[in-house]
Peer 1: 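Before we start, here is the structure in question, set down as structure tokens.
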Amino acid sequence: MADPILLPAIGWVECSFDPVQPRDTNQMEGRRTEAQTFGTPYWVARYVAKPLLRPEYGVMDAFMMQAGDDGETFLAYDAFRPRPVAHDNGQPLSGTRAQGGAFNGQAVLQSITNSRTIVVSGLPAAFKLSPGDYVEIRKSALVRSLHRIMTAATANASGVVTLSIKYGLDTGVFSTANTVHFEKPSCTMQIDPGSYDGTKSWASRSPSFTATEVFFS
């Protein structure tokens with residue numbers, strides 16, 4: 001089977017999608033607090049589906065068995081913000097790049113100022129990004145880095161924009177040879193063991209699960 005697989009397009013009524021930065025915080029005597037961050041930040045998610053018909057439930061049951069049991073992954077994204085909010089009309093991104101050619105949400109990583117500031121080109125003129133929008137840097141199908149945009153930014157007449165992102169891009173893995181994506185920007189996740197609730201009854205037909213990002217290089 002294909003790996004990663006796609007998140008089923010069955011409709012979601014709840015979604016939480018948040019980053020985790022591993023850290024320790026210790027309260028000391030004399031109102032002193034010491035904190036230390038460590039490791040690599042990662043994403044966690046929780047999805048709750050709409051009430052499903054029986055054929056849709058079959059899709060979910062199959063997805064549950066394909067999204068981690070044998071090491072597979074799925075492409076996780078924020079179901080309530082699948083593209084920049086200023087351009088989300090319920091349809092995939094489209095339009096024309098400022099320098100010509102069709103735009104489908106993919107752009108060019110022009111330069112990396114530092115791990116938290118990147119310059120993206122290949123966008124439509126005046127393409128607007130808002131705080132809380134997502135941007136994905138993709139090296140390959142399994143090697144992706146997902147980030148939230150911290151400040152509002154708008155592409156210039158040439159389709160170039162500078163973005164402030166968090167958490168920082170791992171420049172030891174990702175480079176300007178990689179592509180940028182704004183349509184369903186995703187990371188690779190696996191369903192957390194034991195988290196899938198697929199109760200089937202006339203009163204409850206909304207399966208749910210939690211998932212955690214996994215890394216490949």
Side-chain angles (χ1 to χ4, degrees), residues 1-9 12 15-25 35-48 60 62-84 105-120 129 131-150 163-196 208-217:
M1 70 185 66
D3 183 19
I5 61 176
L6 300 179
L7 186 68
W12 305 98
C15 176
S16 61
F17 202 94
D18 297 295
V20 175
Q21 169 63 71
R23 65 179 180 177
D24 284 330
T25 301
Q36 179 184 29
T37 60
F38 57 92
T40 300
Y42 59 93
W43 293 92
V44 295
R46 177 176 181 268
Y47 294 94
V48 181
M60 275 301 301
F63 169 75
M64 180 271 293
M65 297 181 73
Q66 294 174 336
D69 282 0
D70 291 322
E72 313 95 332
T73 60
F74 72 96
L75 296 181
Y77 63 90
D78 188 335
F80 279 72
R81 202 155 181 159
R83 56 192 62 88
Q106 180 173 321
V108 176
L109 185 55
Q110 180 170 298
S111 63
I112 302 171
T113 305
N114 54 59
S115 65
R116 296 192 179 188
T117 305
I118 59 175
V119 179
V120 177
L129 286 311
D133 285 343
Y134 295 86
V135 57
E136 174 200 331
I137 312 301
R138 187 182 306 172
K139 182 177 181 179
S140 67
L142 286 172
V143 183
R144 303 166 185 249
S145 187
L146 183 63
H147 306 266
R148 273 200 185 121
I149 295 171
M150 295 290 100
L163 298 179
S164 172
I165 61 173
K166 196 172 179 180
Y167 289 96
L169 180 67
D170 185 346
T171 56
V173 175
F174 298 90
S175 71
T176 54
N178 307 145
T179 54
V180 179
H181 299 264
F182 295 100
E183 175 63 32
K184 293 183 178 176
S186 306
C187 64
T188 51
M189 284 192 181
Q190 292 177 338
I191 293 179
D192 295 331
S195 72
Y196 182 76
S208 64
F209 63 91
T210 63
T212 302
E213 183 179 12
V214 292
F215 297 119
F216 299 90
S217 60

Peer 1: Between Cys15 and Ala79, what is the shortest heavy-atom contact and its length?
Peer 2: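 Minimum heavy-atom contact is SG-N, 3.6 Å.
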Peer 1: Please find the pair of heavy atoms, one from Ser195 and one from Ile191, that lie closest to each other, and give the distance.
Peer 2: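 Between these two residues, the closest heavy atoms are OG-CG2, 3.6 Å.
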Peer 1: Work out which heavy atom in Gln110 is nearest to a heavy atom in Thr176; give both atom names and the distance.
Peer 2: O-CG2, 3.7 Å
Peer 1: Working to the nearest 0.5 angstrom, can you tell me the gap between Ser175 OG and Lys139 NZ?
Peer 2: 7.0 Å
Peer 1: Please report the interatomic distance OG(Ser164) to NE2(His147), rounded to the nearest 0.5 Å.
Peer 2: 11.5 Å
Peer 1: Do the side chains of Asp18 and Arg148 get close enough for a salt bridge, i.e. N-O under 4.0 angstrom?
Peer 2: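 Result for this pair is yes, salt bridge flagged.
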Peer 1: Parallel, tilted or perpendicular, judged at 30° and 60°: which one describes the rings of Trp43 and Phe17?
Peer 2: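 If you compare the ring of Trp43 with that of Phe17, the planes turn out tilted.
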Peer 1: Applying side chain to side chain contact (heavy atoms under 4.5 Å, CB included) to Ile112 and Phe174, what does each step give before you reach the verdict?
Peer 2: CA-CA 10 Å; Ile112 302 171; Phe174 298 90; 5.8 Å; no
Peer 1: If we ignore hydrogens and angles and just use 3.5 Å, is the side chain of Asp78 paired with the main-chain N or O of Phe80 as donor and acceptor?
Peer 2: yes
Peer 1: Locate the shortest heavy-atom distance separating Arg81 from Pro131; write the atom from each residue and the value.
Peer 2: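 Shortest heavy-atom contact: NH2-O, 3.1 Å.
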Peer 1: Let me confirm one number: the CD-CG distance from Glu213 to Leu146, rounded to the nearest 0.5 Å.
Peer 2: 7.0 Å
Peer 1: For the atom pair CE (Met65) and OH (Tyr196), what is the distance rounded to the nearest 0.5 Å?
Peer 2: 11.0 Å
Peer 1: I'd like to check Val214 versus Thr73 (side-chain heavy atoms, cut-off strictly below 4.5 Å). Are they in contact?
Peer 2: yes
Peer 1: How many angstroms lie between atom CD1 of Ile165 and atom CD1 of Ile137, to the nearest 0.5 angstrom?
Peer 2: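 Output value for this atom pair is 6.0 Å.
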Peer 1: What's the verdict on side chain to side chain contact (heavy atoms under 4.5 Å, CB included) for Phe215 and Val173, showing C-alpha distance, side-chain angles and the deciding distance?
Peer 2: CA-CA 11 Å; Phe215 297 119; Val173 175; over 6 Å; no
Peer 1: Could you measure the distance from the OG1 atom of Thr117 to the NZ atom of Lys166? Nearest 0.5 Å is fine.
Peer 2: 12.5 Å
Peer 1: Within the distance-only criterion (no hydrogens, no angle test), does the side chain of Gln190 pair as donor or acceptor with the backbone N or O of Thr212 below 3.5 angstrom?
Peer 2: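 Not at all, since once roles are kept as given, no pair shorter than 3.5 Å links the two residues.
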Peer 1: Show the numbers, then the answer: is there a ring pair (Phe, Tyr, Trp, His ring centres under 6.0 Å) between Tyr47 and Phe63?
Peer 2: CA-CA 13 Å; Tyr47 294 94; Phe63 169 75; 8.4 Å; no
Peer 1: Which heavy atom of Thr188 sits nearest a heavy atom of Ala141, and at what distance?
Peer 2: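 Heavy atoms only, the tightest pair is CG2-O, 4.3 Å.
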Peer 1: Out of Gln106, His181, Arg144, which residue meets the side-chain hydrogen bond (donor to acceptor under 3.5 Å, both in side chains) rule with Glu136?
Peer 2: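 With Glu136 as partner, side-chain hydrogen bond (donor to acceptor under 3.5 Å, both in side chains) holds for just one option, Arg144.
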Peer 1: List the residues meeting ring-ring contact (aromatic ring centres under 6.0 Å, His included) with Tyr167, not counting sequence neighbours, and say none if there are none.
Peer 2: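 Partners of Tyr167 by the ring-ring contact (aromatic ring centres under 6.0 Å, His included) criterion come out as none, since no residue qualifies.
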Peer 1: Is Val135 close to Pro185 at the side-chain level, that is, under 4.5 Å between some pair of heavy atoms?
Peer 2: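 SC-SC contact between Pro185 and Val135 ruled out.
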Peer 1: Run Asp3 and Leu142 through side chain to side chain contact (heavy atoms under 4.5 Å, CB included) and show every step you take.
Peer 2: CA-CA 8 Å; Asp3 183 19; Leu142 286 172; 4.1 Å; yes
Peer 1: Judged by atom type as modelled, is there a donor-acceptor pair below 3.5 Å linking the side chain of Ser115 to the main-chain atoms of Gly168?
Peer 2: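 A pair under 3.5 Å: no.
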Peer 1: If every non-hydrogen atom of Ala211 is compared with every non-hydrogen atom of Met189, which pair is closest and at what distance?
Peer 2: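 Of all heavy-atom pairs spanning Ala211 and Met189, the closest is CB-SD, 3.7 Å.
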Peer 1: Show the numbers, then the answer: is there a side chain to side chain contact (heavy atoms under 4.5 Å, CB included) between Thr40 and Asp170?
Peer 2: CA-CA 9 Å; Thr40 300; Asp170 185 346; 5.8 Å; no
